[in-house]
4 protein chains.
Amino acid sequence: MDVAAPKHLNARKRPRQVRSTVTVDAIFEATIQVLLAEGVHRLTTTRVAERAGVSVGTMYQYFPHKQALLYALNERYLDMLAERVEAVCLEQHGKATATMVASLIEAYWEAKTERSDITRVLYSSAVELNNEALVEAFAARMDRATAAMLASAPNAMYADLNLVNATILSVVFGTVRNVFERNMPLTVQANIRKELVAMCLSYLEGAGG
Amino acid sequence: MDVAAPKHLNARKRPRQVRSTVTVDAIFEATIQVLLAEGVHRLTTTRVAERAGVSVGTMYQYFPHKQALLYALNERYLDMLAERVEAVCLEQHGKATATMVASLIEAYWEAKTERSDITRVLYSSAVELNNEALVEAFAARMDRATAAMLASAPNAMYADLNLVNATILSVVFGTVRNVFERNMPLTVQANIRKELVAMCLSYLEGAGG
Amino acid sequence: MDVAAPKHLNARKRPRQVRSTVTVDAIFEATIQVLLAEGVHRLTTTRVAERAGVSVGTMYQYFPHKQALLYALNERYLDMLAERVEAVCLEQHGKATATMVASLIEAYWEAKTERSDITRVLYSSAVELNNEALVEAFAARMDRATAAMLASAPNAMYADLNLVNATILSVVFGTVRNVFERNMPLTVQANIRKELVAMCLSYLEGAGG
Amino acid sequence: MDVAAPKHLNARKRPRQVRSTVTVDAIFEATIQVLLAEGVHRLTTTRVAERAGVSVGTMYQYFPHKQALLYALNERYLDMLAERVEAVCLEQHGKATATMVASLIEAYWEAKTERSDITRVLYSSAVELNNEALVEAFAARMDRATAAMLASAPNAMYADLNLVNATILSVVFGTVRNVFERNMPLTVQANIRKELVAMCLSYLEGAGG
DNA sequence: AATGAATGAGCCTTCATTCAT
DNA sequence: TATGAATGAAGGCTCATTCAT
């Protein structure tokens, strides 16, 4: 994610030494823990610092203000997510459309689900944040990765690749979010996931995939 | 929506007289306005009361605390949304699956889009809220409505109606949210919507619809 | 003093009812007490509120921020000072230059000295403040008052009244401040005061007074 | 200036080696720069150190705390000022009263005005400081210098030299401060300065000078 | 001797909620 | 019943000072 983050949201210092990296990670982790344990409205700088085992002052040495912390946290998360999806897309290059779709959905689903509590909590942390740019950049990155993948399938002949791609992404991302936000029973989740694969596949076949 | 709202979130008094209804509506409206104009983090009870033209004290007569107000606001919104979707489902009873799907998507999409700013703002207002029960109830209500509709189509023979129904709902609701949260260009939105209809339809046909 | 105070320095509400006036006065008094007892760098909003016997919240109902409080305090002081000097000037209208000078110096000196601790403390409170406008307005008001007075003396024929006036004011105001900032023994102060009168008088005579 | 500065305000080490002097000067200079560029309330130790090109730690080696730095800075300034005035007084020894007065006022005025921004900024830095001793010592030093000068004039026969001297100093110092604090137009300043000379002279003549 | 990351007390300010009028 | 002034806990953030390296 190399969007130029809004100036004022930048971290104060780039953690270069091991020491710093450890601290910053501790802060990130603490933020998630507080979010998990207490909710957004109890996410205070003091609480985060305390849980991270550092002083508020130290925290402010790395993040100029609370928003910057949340911004960076979201950035880090979206980066991780994007990397995982991109890896799958590359790996599926040239494969059959059917496995592409299954892999894409699996990868995204797993990434979102393996720590679904964190996912949920990050959504909530984003609300007080102007992270449109972040989301936009993430979306664009995903667009590129999946479009390239889809186009590489043998026999793929989409009349409008971009539209098909955008549709698939919106449907997949949207559905995943909806499913886990509703906190459905795991078996139902698994079933819906299968159906989602089937649905996307039949759609792509109809569209020229 | 008749989930028993968590006790402490109940409005203090049921508005029975005209006077009360008017006041409560003014408060709801004011809440939305403040949310739109200033954002969640500037949504204060004082500001809402002021905009509603009543005193804070009066506001506390109708809502025992801020959360109750937001809870009720979301409740009202989901009620409205549910009613619109239910109406469409009833109207589509016995029609062909194809028109069902198109109508469902259209109804939901319109409801979410015609005042997309309000929609967005309500999402944000819900973050600090324990509105799971609300969402759960809304979902169940939708489930019932669409399941009944889908089952009423001539020739409909779903192996697992509940699963198909849950899938459709997750996909439609999820996709709509994803599309408008990304704030895509209107033409793209329209195109994706058409694709979504096609996708759902082809899925339903394959599933026995 | 009717300079338009910088917007952001205005008091939040004009104290109209007795109740409010009392509160505001208590806050002003408390500010001075804290300043006196603890010094500028220990002048905190909490401390002021506590001493005034109100809560911080209440204080912020009358003053949007600390600076506004200090600004208002200085404004009030300069108003009082200006009024006293103006009164003397009016009273001395048409009198002899000699009594004018003596009266002016006496009035100003008294005003500054009778609570010299407060005077000193207000100077210090002004440092963190952008009160140039205030001081400017005060100076202009004094200029007008003394110029009118000086011109009204029988036989007064100043070649450049404005210059003479400005000189007298700078000399008198400056000297007073210097004397009491150095905290000289009272007898010395009294003697210097007499000398100052003599000096101004001989100057004015030479200048056409 | 050899007042025994309050113990706790002493610099931690007397700068003896070249290295130290350079560093200390850099710190003084940086302090002034920060004061000029950002104002008292943004004068932080970190900022000063940074601007001086040393670490905070190093700064604390030379000044045990912030106040000591400000104290030393004021001390240095008053020393410089005193030296300049003393030099003039010596130079005017035995000259006519008229040139004495003109020279004294000129010297002081110039010293204060040639970098009026610095002067102003130093006043502000002194507010949080207990620098009475400093000011007292400066005043005494000035007293001695000007008294000796005034007494050395041919024909000088003051009934009360000390009083005359104290008066002249208070008037001159006070007026200068008043004039430049009000930031008057330069031409007005120049005129007042001339008037001030005239006024002092006529006073001294009347007093036996 | 120099460095600068870490500390944490303490500051200013907000705002949900109460209650006397 | 309606009002809105008063409350005060709690939050975000700064910065003088220390001390391990």
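The analysis underlying the following values was restricted to heavy atoms, covering all of them including side chains, and did not include hydrogens, waters or symmetry mates.
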When the nearest nucleotide of DNA chain E is assigned to A:Ser55 and to C:Lys66 on a heavy-atom basis, which residue is associated with the more 5' position? A:Ser55
Which residue pairs satisfy the salt bridge (Lys or Arg N to Asp or Glu O under 4.0 Å) criterion with at least one member in residues 20-37 of chain A, sequence neighbours excluded? A:Asp25-A:Arg76
Counting heavy atoms from C-beta on, name the nucleotide in F:dT3, F:dA5, E:dT3 closest to the side chain of C:Gln61. F:dA5
Determine all donor-acceptor pairs shorter than 3.5 Å in which one atom belongs to a side chain in residues 48-55 of chain C; sequence neighbours excluded.
{"unit_1": "C:Ser55", "atom_1": "OG", "unit_2": "C:Thr58", "atom_2": "N", "d": "3.2"}
{"unit_1": "C:Ser55", "atom_1": "OG", "unit_2": "C:Thr58", "atom_2": "OG1", "d": "3.1"}

According to salt bridge (Lys or Arg N to Asp or Glu O under 4.0 Å), does anything in residues 57-68 of chain C pair up with another residue at least two apart or in another chain? List the pairs. none
Of all of residues 37-50 of chain A, which get a heavy atom below 4.0 angstrom from DNA chain F, listed by number? A:Leu43, A:Thr44, A:Thr45, A:Arg47
Measuring to OP1 and OP2 of E:dA5, would you say a side-chain N or O of A:Tyr62 lies under 4.0 angstrom away? no
Round to the nearest Å and state the distance from B:Leu69 atom CG to E:dC15 atom P. 16 Å
Between E:dT13, F:dA2, F:dT17, spot the one nearest the side chain of D:Tyr60, thanks. F:dT17
Sequence neighbours excluded, the answer for side-chain hydrogen bond (donor to acceptor under 3.5 Å, both in side chains) partners of A:Ser124 is none
From CD1 of A:Ile27 over to C1' of F:dG12, roughly how many Å is that when rounded to an integer? 15 Å
For DNA chain E, whose closest nucleotide is more 5', that of B:Gly57 or that of C:Val56? C:Val56
Can you list every pair that meets ring pair (Phe, Tyr, Trp, His ring centres under 6.0 Å) and has a residue in residues 23-51 of chain A, with sequence neighbours left out? A:Phe28-A:Phe63
Which residues satisfy the side-chain hydrogen bond (donor to acceptor under 3.5 Å, both in side chains) test with A:Thr45, sequence neighbours excluded? none
In whole angstrom, give the distance that lies between atom CZ of C:Phe63 and atom C1' of E:dT14. 18 Å
Pair D:Thr119, D:Tyr77 - check side-chain contact (heavy atoms from CB on, under 4.5 Å), show working. CA-CA 9 Å; D:Thr119 307; D:Tyr77 174 70; 3.6 Å; yes
Between D:Leu43 and D:Leu70, does the side-chain contact (heavy atoms from CB on, under 4.5 Å) criterion hold? Intermediate values first, please. CA-CA 10 Å; D:Leu43 181 80; D:Leu70 296 181; 3.7 Å; yes
Roughly what angle, to 10°, lies between the helix axis at the start of the helix from E:dA2-F:dT21 to E:dT21-F:dA2 and the one at its end, five pairs per end? 0°
A:His65 side chain, from C-beta outward: closest of F:dA6, E:dT17, F:dC13: F:dC13
Can you pull the salt bridge (Lys or Arg N to Asp or Glu O under 4.0 Å) pairs that have at least one residue in residues 33-48 of chain C, sequence neighbours excluded? C:Glu38-C:Arg42
